[in-house]
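The block underneath contains the structure these notes are about, expressed in structure tokens.
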Amino acid sequence: MKTELSKGYEPEQVEKKWFDVWENRGDFHADENSPKPHYSIVIPPPNVTGVLHMGHALNNTLQDILCRWKRMSGYEVLWMPGTDHAGIATQNVVEKQLAAENKDRHELGREAFIDRVWKWREESGGQIINQLKRLGASCDWERERFTMDEGLSKAVREVFVSLYDEGLIYRDNRLINWCPRCHTALSDLEVEHDDKRGNLWHLRYPVQGTDEYIIVATTRPETMLGDTAVAVHPEDERYKNLIGKSILLPLMDREIPIIADEYVDMEFGSGAVKITPAHDFNDFEIGKRHNLEFINVLDESGMINDNGGSYAGMDRNAARTKVVADLKSLDMLEKIDDYTNAVGECYRCRTTIEPYMSKQWYVAVKSLAAEAIRAVESGETRIVPQQWEKTYYEWMYNIQDWCVSRQIWWGHRIPAWFCDDCGKITVSREDVSVCKHCESTNLRQETDVLDTWFSSALWPFSTMGWPEQSKTLEKFYPTSCLVTGFDILFFWVARMMMMGTKFMKNVPFKEVYIHALVRDAHGQKMSKSKGNVIDPLTIVDEYGADAFRYTLCAFAAMGRDIKLSTERIGGYRNFVNKLWNASRFALMNLEDFVPAENSLISLPLSQADQWILNRYAVAAEEVNKALADYKFNDAASILYSFTWHEFCDWYIELSKENLYGDNAPVRKATQTVLFTVLEGLLRMLHPILPFVTEEIWHALPGERGADSIMKMTYPTTALIETDENVVADMERVMDVIRAIRNVRGELDVPPGKKIKVVLDCKSDSAVQSIQAGQAYIHSLARVEDLVVGVAVERPKQASTQVAGEVEVLIPLADLINVAEEEARLNKEIEKVQKDVSFFEKKLSNEKFVANAPPQVLDKDRAKLTAATEKREILQQSLKKILTLK
RNA sequence: AGGCACGUAGCUCAGUGGGAGAGCACUUCCCUGACACGGAAGGGGUCGGCGGUUCAAUCCCGCCCGUGCCUACCA
């Protein structure tokens with residue numbers, strides 16, 4: 001199909017058209033039987049509940065750039081897509097729907113509820129997948145997976161049972177993080193700490209048998225209902241005599257001991273601490289050390305239970321208020337201070353977490369972590385940027401056992417059965433109805449499900465068919481690269497490393513590229529509550545997917561934050577439009593052109609042709625290097641400046657001379673170069689700008705057939721060897737053009753006015769290079785009368801500019817204002833004088849001359865000479881000008 | 001409390017052991033036959049502060065100030 005380019009680029013239809021073509025034709029499909037080397041990436045599976053946000057846009061754009069680049073570089077590329085069932089998040093969504101119908105999940109019952117979640121998923125889940133497609137994501141969509149798929153669920157069971165059989169999964173009754181709203185345990189990672197302004201309540205606890213008080217401080221006064229001791233430091237002189245005595249716990253009238261424990265900090269507060277072993281992680285440890293009673297005063301919803309005496313049935317917050325009020329009326333409230341401390345919140349619903357005693361399933365991760373550490377230390381997996389390795393190690397070394405059970409319904413149900421007769425547990429890959437210990441049939445399956453991140457941890461191999469030994473695994477595992485944000489380094493990356501090394505005996509990915517997080521233009525995290533969320537699809541609508549992708553690519557290297565501003569996106573929209581129009585220019589001048597193989601050979605290539613071919617080769621080499629090093633921003637800027645500042649600003653302008661001239665072979669040569677460079681440039685840009693490049697590619701002359709540009713090869717090197725001298729000549733001519741333009745600009749010579757220019761050269765070689773390019777000087781600098789030579793006759797009065805070995809003289813007759821020329825010269829002289837002084841000083845430093853490498857010395861000496869000469873010329877010119885006044 | 005970053009032009013940020021860069025914004029001129037989402041020419045920075053290493057430091061090292069983030073059980 002052949003397309004014609006409209007006057008301005010219109011992304012909407014172009015994007016829709018090409019994505020459909022690509023997808024329907026199977027252009028993204030990865031063939032596991034391909035003989036080509038493999039390149040594979042698994043997508044960080046977005047939550048089924050998710051809608052596309054900036055983080056996804058960045059993450060997937062970078063992956064797509066890599067995949068398209070590798071695909072064009074001769075690899076068989078698999079980009080594995082899919083979504084995550086997102087246990088708690090998804091359950092919350094459906095529970096909210098139920099709430100709107102005045103129902104709750106318990107009314108429905110487990111099975112009906114799960115059916116409902118599945119139904120929700122069918123109808124409105126996973127919309128994010130279509131949103132990713134609008135960005136151009138070239139995933140192998142035929143392979144789309146879901147963490148609750150049959151296959152992935154099988155993998156989950158296999159892993160769970162294997163770990164259990166090995167003793168690496170166990171059950172224990174401990175203090176865990178409990179979300180009273182989600183009614184489930186959470187792992188330590190799922191608790192987010194946020195500094196909250198609150199109070200520190202100082203309570204008076206009466207010492208039994210005396211009229212003394214011990215003052216204890218707490219941020220959670222309601223927990224005093226479960227106090228079972230007061231602890232002081234063993235060396236604390238203030239309290240030494242009280243150790244072993246007891247307290248009559250106010251409100252509860254319970255006698256609790258005063259104990260000594262080194263955990264207590266004598267400096268803090270009163271130096272005495274109330275101990276609530278069932279509701280505080282520190283107190284839990286102390287409780288175990290001192291054999292204290294563990295009194296749980298909360299229920300699953302965060303209400304005070306029957307252990308809370310008269311407070312039973314109250315919400316924890318109401319109980320706090322009441323406890324404080326009651327203590328005050330008993331004169332047992334010493335004082336209330338303002339206090340800020342970190343409060344743990346549920347990462348899904350923001351409810352304050354309660355430490356809560358309960359029996360949960362754990363993964364013993366020490367041995368898994370050791371292997372995951374080793375894999376990075378050995379270099380089997382490389383983390384980029386490397387600074388993140390330290391963070392990774394730090395966490396792995398201090399890792400705690402992973403609480404994997406959740407008391408929700410949506411997720412992988414733990415494959416464990418409790419026997420009501422012998423009390424033992426049967427864990428099995430297949431559902432069981434008979435206890436394997438006593439053969440009783442009185443079995444109940446565990447109602448808990450697994451942490452969502454348990455199945456995510458298997459993603460790199462479960463999506464490829466494991467535990468079957470699939471061809472996909474054989475071809476594409478380990479994956480080549482994982483692209484992700486640092487916010488899920490522990491949640492996900494670390495756990496995939498543990499599970500991959502454990503079950504595949506091989507790392508899940510060779511490289512991990514960690515990118516920044518996207519924030520708003522002011523550096524604020526985007527959030528609905530702040531109202532500063534920029535919707536990626538709105539951006540795509542307004543600026544086009546390509547411009548948006550280019551922006552993300554150009555921003556990718558920034559430290560931890562990307563401050564996204566719409567102005568920048570607008571800038572890249574302009575860039576896309578520039579490319580579009582440059583292509584239009586080329587096409588207008590290629591109407592009579594037929595591309596041929598090896599067409600550059602034996603053509604009369606002009607100075608400009610050789611120059612752009614040389615620049616093309618440099619850009620091609622550099623962009624490959626940048627992408628190989630994950631320097632996306634470098635790749636973007638290399639291509640930006642090549643496209644705009646070299647190809648458009650210079651080559652296209654220079655080419656007009658040759659295209660419009662009457663020299664047919666030269667015109668043909670220029671057409672060939674224009675075509676070849678543009679065609680290669682489009683291939684270079686395609687990974688970042690897939691849509692616009694595909695559209696233009698199909699408008700190029702020659703037979704494009706049904707093939708996509710993404711099936712072409714990525715440029716890596718020169719199209720043809722160029723003559724360095726000719727390239728240097730072109731640069732010299734360009735310097736002269738710049739010098740003339742500088743004079744014109746500074747002296748306000750009207751753009752339309754043609755001028756006379758004398759170029760007094762220092763050498764014959766300079767003369768030759770300029771003569772070869774004098775037509776360019778005529779057209780680009782608007783010169784009508786050009787004199788070039790060594791020691792040529794100079795105009796009596798002229799504006800003078802120096803471009804390397806060439807003195808650029810513009811007769812004053814053509815100029816408007818002598819005073820302006822004087823000002824311009826003074827400015828130039830001042831500039832060059834700075835250079836002269838700088839190098840004189842440097843070169844007069846004996847130590848520098850003695851120690852610096854010869855190349856540096858030579859370079860600096862040459863610069864001093866050039867600067868000195870330029871200064872002399874300009875000063876003489878200034879003198880002449882002054883005589884005119 | 002520990003760890004990790006960051007502090008470069010008005011703004012947002014790249015960058016390197018050898019004379020400071022980009023985009024946007026700004027100034028002047030131009031609707032020149034691809035493009036005003038454009039063209040040409042300019043202005044603007046003691047590269048956070050103080051020391052040290054070096055012939056040479058914006059870059060390496062130390063301290064300080066400021067700003068973010070992550071991890072952590074101080075009631």
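Chain letters run A, B, ... following the sequence lines, proteins first and then strands; every chain starts at 1.
Looking at heavy-atom distances under 4.0 Å, A:Asp860 makes no contact with the nucleic acid at all. Counting any heavy atom pair closer than 4.0 Å across all strands shown, A:Ala850 reaches no nucleic acid atom. Among the heavy atoms of the strands, none lies under 4.0 Å from A:Val576. Contacts of A:His645 with the nucleic acid, taken as non-hydrogen atoms under 4.0 Å apart, involve only primed sugar atoms and P, OP1 or OP2. Contacts of A:Tyr9 with the nucleic acid, taken as non-hydrogen atoms under 4.0 Å apart, are absent. At a threshold of 4.0 angstrom between heavy atoms, the contacts of A:Asn845 are confined to the sugar-phosphate backbone, with no base atom among them. Nucleic acid contact class of A:Tyr660 (heavy atoms, under 4.0 Å, all strands): base. Using a 4.0 Å heavy-atom criterion, one finds that A:Phe268 contacts the bases of the nucleic acid, with or without backbone contacts as well. Heavy atoms of A:Lys842 sit under 4.0 angstrom from primed sugar atoms or phosphate atoms, though from no base atom. As judged by a 4.0 angstrom heavy-atom cut-off over every strand, A:Lys859 is placed among residues making no nucleic acid contact. At a threshold of 4.0 angstrom between heavy atoms, the contacts of A:Leu200 with the nucleic acid are absent. Using a 4.0 Å heavy-atom cutoff across all strands shown, A:Glu653 reaches at least one base atom of the nucleic acid.
One atom, CE of A:Met588, and another, P of B:A34, lie 7 Å apart when rounded to the nearest Å. Rounded to whole Å, atom P of B:A34 lies 13 Å from atom CG of A:Leu587. If you take CG of A:Asn589 and P of B:G33, they are 14 Å apart, rounded to a whole angstrom. Taking atom CD1 of A:Ile514 as the reference point, atom P of B:C70 lies 15 Å away to the nearest angstrom. A:Asp194 has its CG atom 15 Å from the C1' atom of B:U71, to the nearest Å. The distance between atom CZ of A:Phe838 and atom P of B:A57, rounded to the nearest whole Å, is 10 Å. Taking atom NZ of A:Lys563 as the reference point, atom P of B:G68 lies 10 Å away to the nearest angstrom.
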Could you give the side-chain donor-acceptor pairs of residues 852-868 of chain A under 3.5 Å, partners two or more places apart or in another chain?
unit_1   : atom_1 : unit_2   : atom_2 : d
A:Asp860 : OD2    : A:Lys842 : NZ     : 3.0
A:Thr865 : OG1    : A:Arg861 : O      : 2.9
A:Thr868 : OG1    : A:Leu864 : O      : 2.6

Secondary structure string for RNA chain B (Watson-Crick or G-U under 3.5 angstrom, | for other-strand pairs):
(((((((..((((....[..)))).(((((.......))))).....(((((..]....))))))))))))....
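Scanning all heavy atoms of the two residues, the minimum distance from A:Ile534 to A:Leu564 falls at CD1-O, 4.3 Å. The minimum heavy-atom distance between A:Cys648 and A:Lys578, with the atom names listed, is CB-CE, 3.7 Å.
Because its NZ or CZ atom is both nearer than 6.0 Å to the ring centre of A:Phe555 and within 45° of the ring axis, A:Arg568 counts as a cation-pi partner of that residue.
The salt bridge (charged side-chain N to carboxylate O under 4.0 Å, His left out) pairs that include a residue from residues 844-855 of chain A number zero, where partners must be two or more places apart or lie in different chains. Applying the salt bridge (charged side-chain N to carboxylate O under 4.0 Å, His left out) test to pairs two or more places apart or on separate chains, those with a residue in residues 543-554 of chain A are A:Asp64-A:Arg549. Contacts classified as salt bridge (charged side-chain N to carboxylate O under 4.0 Å, His left out) and involving residues 216-227 of chain A (residues at least two apart or in different chains) are given here: A:Arg220-A:Asp280, A:Arg220-A:Glu354, A:Glu222-A:Arg320, A:Asp227-A:Lys274. Listed by first then second residue, pairs satisfying side-chain hydrogen bond (donor to acceptor under 3.5 Å, both in side chains) with a partner in residues 636-651 of chain A read A:Asp609-A:Tyr651, A:Arg615-A:Glu646, A:His645-A:Asp649, not counting sequence neighbours.
The separation of B:G68 from B:A36, taken at their C1' atoms, amounts to 40 Å, rounded to a whole angstrom. Going from the C1' atom of B:G15 to that of B:A40 covers 28 Å, rounded to whole Å. Across B:C47 and B:G17, the matching C1' atoms stand 15 Å from one another, rounded to whole Å. Separating the C1' atom of B:G49 from that of B:G66 is a span of 10 Å, rounded to the nearest Å.
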For a side chain to side chain contact (heavy atoms under 4.5 Å, CB included) check, start with the C-alpha distance between A:Leu333 and A:His202, then their side-chain angles and the critical distance, and finish with the verdict.
CA-CA 6 Å; A:Leu333 185 62; A:His202 298 257; over 6 Å; no
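Which of B:G68, B:A34, B:C74 sits closest to the side chain of A:Asp561 comes down to B:G68. With B:C24, B:A75, B:C35 as the candidates, the nucleotide lying closest to the side chain of A:Tyr263 is B:A75. Considering only the side chain of A:Thr218, B:A75 comes nearest among B:A34, B:U12, B:A75. When the nucleotides B:C37, B:G18, B:U12 are ranked by their closest atom to the side chain of A:Arg573, B:C37 comes out on top. Of all nucleotides listed (B:C35, B:G23, B:C13), B:G23 comes nearest to the side chain of A:Arg568. In the set B:A75, B:C4, B:C73, B:C4 carries the atom at the smallest distance from any side-chain atom of A:Lys390.
Between A:Glu840 and A:Ser844, the side chains place no donor N or O within less than 3.5 Å of an acceptor N or O (distance only, hydrogens not considered).
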Polar pairs (N or O, both sides) under 3.5 Å between protein and nucleotides 39-47 of chain B?
unit_1 : atom_1 : unit_2   : atom_2 : d
B:G39  : OP1    : A:Lys578 : NZ     : 3.0
B:G39  : OP1    : A:Trp644 : NE1    : 2.4
B:A41  : O3'    : A:Asn742 : ND2    : 3.4
B:G42  : OP1    : A:Asn742 : ND2    : 2.1

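Shown here are the salt bridge (Lys or Arg N to Asp or Glu O under 4.0 Å) partners of A:Lys390, two or more places apart in sequence or in another chain: there are none. For A:Glu12, there are no salt bridge (Lys or Arg N to Asp or Glu O under 4.0 Å) partners two or more places apart in sequence or in a different chain.
Considering only side-chain N and O atoms, A:Asn341 lies under 4.0 angstrom from the phosphate OP1 or OP2 of B:A75.
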